Amino acid sequence: MNSTHLVEPVESRKFARFSLQYKQMEEKPEGEDQWVPRFAGHQSLQEREESFLARDQKINCGFVKGPQGYPSTGFDLAEDDVNYISRCHIAVISCIFGNSDRLRTPAGKMVTRSSRKNVCFVMFVDEATMQTLYSEGQTPDGGFIGLWKIVVVKNLPYTDMRRVGKIPKLLPHRLFPFARYSIWLDSKLRLQRDPLQLLDYFLWRKGHEYAISNHYDRHCVWEEVAQNKKLNKYNHTVIDEQFDFYQADGLKRFDASDPNKLLPSNVPEGSFIVRAHTPMSNLFSCLWFNEVERFTPRDQLSFAYTYQKLRRTNPDKPFYLNMFKDCERRAVAKLFRHRSDEKRNVQQRATL
């Protein structure tokens, strides 16, 4: 469809309505001299349990500051950049931290005039990645490289770059407080379609508020856990602690033949996410981020548990999730290799 004729639908009354607020600051507990403020705050297990209720509430959702006199908890942006992203109503978002990928500019000829006018394309980078872009001759022009508005993040809240990358991936509604929609794509992807067409196809046509593809190969968290350990993606003990916790709280093996299964797959691909910033969508994003922060940054391990617990806790409040086929993701975004994989390929060819 020609996206110049696409019109955002009137906000659907079927979406759950409640007021979601976020903890901005926490006080130092008395008698804890070693206490330090954390970006995600210090959420107790009781607070975690209550946060799954889709009701008027204030929850931990990143960007938690310490009391006066304590340093920033991280993810600091320049004032000009904060002003820019606060004006975005539709955002296409990606990030490169730790110089992990090359900058992939969206396919310009596929982006319509309407999207160029109404959509913000924001790439979050750290200072090391910015230096590499300069060294490769990619100098921002008025803050832009191609369609991307380059936003430099200082004072990263985690040493693990994968965990830092979960902030723009899982918390776009916190970074873009006035955005109605966002499209996330990993930095290894290049967008090949018009953003307004994607909103229409994945959300508007059937009244969804969140869209993510299922995994192209694995559909059960048990398989995903085994693969993460096989490839040493993260500390095995921490993976086991997370997995045991989820099983104790009701996570079951995926059964494709079960007519009552909540998801077509319990493992998402996760590199491409389309969201309406509705209360239920924002709550799910906060809950998913808190699981990634509490356990491992391997977000595919916590997706199904978070979704199923949210649904189980709120049987009267639907969450309109579109878990689409991975071939649809491949049709809208081209996959490239990480920088480390490029180097490994070059080295392997050199030894042949």
Side-chain angles (χ1 to χ4, degrees), residues 20-53 57-79 82 95 97-100 124-129 152-175 177 225 228-229 232-249 282-303 305-306 309:
L20 196 60
Q21 296 180 307
Y22 311 109
K23 186 177 289 187
Q24 303 292 334
M25 191 180 83
E26 58 183 2
E27 294 293 333
K28 176 180 179 293
E30 290 184 16
E32 292 194 22
D33 295 336
Q34 303 302 313
W35 184 90
V36 293
R38 290 168 47 183
F39 177 82
H42 297 74
Q43 187 187 51
S44 68
L45 283 174
Q46 180 62 33
E47 289 171 331
R48 174 189 178 274
E49 190 70 21
E50 293 173 356
S51 69
F52 277 84
L53 289 165
Q57 61 168 319
K58 180 182 283 189
I59 63 172
N60 288 50
C61 192
F63 302 95
V64 181
K65 294 178 171 59
Q68 189 170 3
Y70 277 84
S72 165
T73 53
F75 216 85
D76 300 337
L77 307 181
E79 187 176 348
V82 172
C95 71
F97 294 123
N99 201 27
S100 57
F124 294 95
V125 302
D126 60 346
E127 293 174 281
T129 301
V152 179
V153 181
K154 297 186 177 180
N155 187 23
L156 302 183
Y158 307 108
T159 55
D160 181 352
M161 294 299 109
R162 182 179 291 276
R163 202 182 292 274
V164 177
K166 302 308 174 187
I167 296 169
K169 176 177 181 176
L170 300 183
L171 303 180
H173 61 292
R174 299 299 322 278
L175 283 163
V225 166
N228 271 264
K229 293 166 85 170
N232 286 317
K233 293 287 189 179
Y234 204 75
N235 181 286
H236 291 201
T237 302
V238 180
I239 291 176
D240 287 338
E241 287 175 355
Q242 180 177 10
F243 193 37
D244 290 345
F245 188 99
Y246 289 171
Q247 289 179 78
D249 198 27
N282 293 347
L283 176 59
F284 175 73
S285 293
C286 290
L287 296 172
W288 194 10
F289 174 79
N290 288 339
E291 293 306 295
V292 164
E293 213 282 335
R294 181 178 290 274
F295 292 109
T296 76
R298 308 299 303 180
D299 54 41
Q300 290 160 316
L301 299 179
S302 49
F303 171 82
Y305 166 84
T306 305
K309 185 174 178 67

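Keep in mind that what you see is a predicted model, and the values were worked out from it rather than measured. Positions are given from 1, in the same order as the sequence printed here.
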Could you pull out the closest heavy-atom pair between R163 and P297, with the gap in Å?
NH2-CD, 3.4 Å

Does any non-hydrogen side-chain atom of S51 lie less than 4.5 Å from one of N60?
no

In Å, rounded to the nearest 0.5 Å, how long is the span from CD of Q247 to CG of D240?
9.5 Å

Residues in disulfide bond (SG atoms under 2.5 Å apart) contact with C61, at least two apart in sequence or another chain:
C286

Would you please name every residue forming a side-chain contact (heavy atoms from CB on, under 4.5 Å) with R48, sequence neighbours left out?
Q43, L45, F52, F245, Y246, E291, R294, Y305, K309

With sequence neighbours left out, what residues match Q68 under side-chain contact (heavy atoms from CB on, under 4.5 Å)?
none

Any side-chain heavy atom of D160 sitting closer than 4.5 Å to one from Y234?
yes

T296 vs F243 side-chain heavy atoms within contact, under 4.5 Å
no

Does a salt bridge link E293 with K166, judged by any charged N lying under 4.0 Å from a carboxylate O?
no

For the student: nearest non-hydrogen atoms of R298 and N228, plus distance:
NE-OD1, 2.9 Å

Hey, would you say the Y22 and H173 ring centroids sit under 6.0 Å apart?
yes

Find the distance between CD (E26) and NZ (K28) and round it off to the nearest 0.5 Å.
12.0 Å

P168 versus L175: any side-chain heavy-atom pair under 4.5 Å?
yes

Any non-hydrogen side-chain atom of F295 less than 4.5 Å from a side-chain atom of S302?
no

Does any part of the side chain of K65, heavy atoms only, come nearer than 4.5 Å to the side chain of Y70, both counted from C-beta?
no

Minimal non-hydrogen separation, L170 against F289, with atom names
CD1-CA, 3.7 Å

Is the ring centre of F63 less than 6.0 Å from the ring centre of F39?
yes

Nearest-0.5 Å distance, CD of residue Q57 to NZ of residue K23:
11.0 Å

Not counting sequence neighbours, which residues clear side-chain contact (heavy atoms from CB on, under 4.5 Å) with T159? List them please.
none

Would you call D126 and V152 a side-chain contact if the rule is heavy atoms closer than 4.5 Å?
no

Run the salt bridge (charged side-chain N to carboxylate O under 4.0 Å, His left out) test against K154 and tell me which residues pass, sequence neighbours left out.
none

So CD of Q21 and CD1 of I59: to nearest 0.5 Å the spacing works out to 10.5 Å

Does the side chain of T73 come within less than 4.5 Å of P157's, by heavy atoms?
no

In chain order, what residues pass the side-chain contact (heavy atoms from CB on, under 4.5 Å) check against E79, with sequence neighbours excluded?
N83

Can you measure from CG (L301) to NZ (K233) and round to the nearest 0.5 angstrom?
11.5 Å

